Amino acid sequence: MVTVHMNPRDEILRILLSHRGEIVTGNDLGAALGISRSAVWRHIKVLRAEGYRIYSRTNNGYCLEGNADRLSAADIIPKLKGGLGRDIDIYKTIDSTNTFAKSLAVLGAKHGKTIISDTQEIGRGQTGRDFFSPAGSGIYMSVIIRPNFLAEDTMLITTAAAVAVTDAISEVCGLNTGIKWVNDIYSNTSMRKLCGILAEASVGMETSQLEYVVIGIGINVNNTSFPAELKRTATSLYLETGHFFDRNTLIVKVLDALDNRISQIPSAAFLEEYRNLSILIGKDVNVTHGNRNFTAKVLEIDSRGRLVVKPDNAPVSVLSSGSVALIS
Ligand code: BTN
């Protein structure tokens with residue numbers, strides 16, 4: 001009999017991962033772990049509930065969908081070229097990677113520390129919205145940066161992050177994307193949202209210097225469907241391309257692109273690219289700013305990453321916060 005030191009569920013997953021796309025019989029799994037076939041089945045059901053796409057063939061066995069990957073710091077760190085993500089914690093589940101990263105930043109976590117989770121229980125988006133974060137399919141990551149910038153540069157950090165994610169998606173998936181101010185990434189074909197970014201900063205009261213910024217990035221990668229309420233607005237890299245992608249590979253590229261784009265902040269070199277990627281310039285939008293709602297035409301994105309709009313019945317306005325929706 002084999003002596004097993006891992007917990008049985010992790011061991012089943014390890015075996016299925018090493019036979020991705022192939023069928024492994026319940027008998028073989030049971031024998032490898034020294035447990036019954038019905039115990040194997042119980043563990044499979046839990047793994048499925050965690051989001052792993054495991055197919056069963058009656059009287060035959062189990063098959064982990066070929067694309068299924070497992071988030072792994074050991075896979076990510078050696079492939080990094082830049083300075084971000086050299087210290088990564090990966091969780092199976094967490095309330096929100098941003099919330100946790102902020103608590104680590106307060107305790108002194110260093111520049112580049114990265115938190116990733118396979119799923120989030122309370123994934124957070126802009127303006128108090130939820131961010132849909134199912135297991136086994138998306139990337140939910142938060143990077144702590146300690147930049148030598150002023151509070152007013154926060155908007156540029158957010159825009160740099162948005163350009164960085166488009167860089168990574170283009171390199172790994174060959175997909176052209178667009179940016180909806182300030183930091184949503186859209187598919188240019190379906191005009192549905194692929195990624196949201198939530199940057200949260202802490203500013204020194206006396207210095208006006210940024211103490212830290214947590215850049216939270218959520219990318220829909222291998223989702224094959226979305227709940228009814230998101231179907232018309234959300235999409236995934238899989239749904240756009242017909243291909244599944246390895247999340248670890250994409251995380252490496254996002255971290256390196258983020259490092260590169262953040263280093264350009266003093267010159268704002270990426271802003272022209274941000275403008276070219278913008279899906280809003282020249283378009284009519286509904287603006288929500290505080291408790292005001294109005295329609296406007298988007299004129300440009302200024303040198304500080306702010307949105308310049310011309311409301312229908314008012315003078316030009318420069319927005320550094322708020323949200324906008326395209327009028328179709
Ligand atoms: C948005 O769409 O409004 C922004 C979504 C940001 C989601 C990411 S997922 C990782 C990080 N943790 C969170 O709770 N939110 C961000």
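Indexing begins at 1, ligand by ligand and atom by atom, following the structure's order. Only heavy atoms go into these numbers, but all of them, side chains included; no hydrogens, no water, no symmetry mates. Everything numeric here is computed off the predicted structure, so don't read it as measured data.
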May I ask you to list the atoms of ligand 1 that are less than 4.0 angstrom from any heavy atom of Arg129? 3 (O)

The remaining residues in the hydrophobic cluster of Phe131, counting side-chain heavy-atom contacts under 4.5 Å among Ile, Leu, Val, Met, Phe, Trp and Tyr, are Tyr140

Which residue and heavy atom of the protein sit nearest atom 3 (O) of ligand 1, plus the separation: Gln126 N, 2.7 Å

To which protein heavy atom is atom 8 (C) of ligand 1 closest, and what is the distance rounded to 0.1 Å? Gly218 N, 3.6 Å

If we set the cut-off at 4.0 Å for heavy atoms, which region of Met141 has an atom near ligand 1: side chain, backbone, both, or neither? backbone

For Lys193, the atoms of ligand 1 under 4.0 Å from one of its heavy atoms are 1 (C), 2 (O), 3 (O)

for atom 10 (C) of ligand 1, nearest protein heavy atom and its distance come out as Thr97 OG1, 3.1 Å

Within-cut-off N or O pair, Arg124 and ligand 1, under 3.5 Å: yes

Assess, by modelled atom type and distance only, whether the side chains of Thr93 and Gln120 contain a donor and an acceptor separated by less than 3.5 Å. no

Within 4.0 Å of some non-hydrogen atom of Phe131, the atoms of ligand 1 are 2 (O), 5 (C), 7 (C)

Quick test: of every protein heavy atom, which one is nearest to atom 9 (S) of ligand 1, and how far off is it to 0.1 Å? Gln120 NE2, 3.4 Å

Heavy atom under 4.0 Å from ligand 1: found in Asn183's side chain, backbone, both, or neither? neither

CG (Asp312) with more than 12 external heavy atoms under 6.0 Å: yes

Using a 4.0 Å cutoff against the non-hydrogen atoms of Ser96, which atoms of ligand 1 qualify? 12 (N), 13 (C), 14 (O)

Any atoms of ligand 1 less than 4.0 Å from a non-hydrogen atom of Ser142? List them with their elements. 11 (C)

Using the six-membered ring wherever Trp is involved, compare the ring planes of Tyr238 and Phe244 and label them parallel, tilted or perpendicular (cut-offs 30° and 60°). parallel

For Gly123, counting its heavy atoms only, list the atoms of ligand 1 lying under 4.0 Å from any of them. 14 (O)

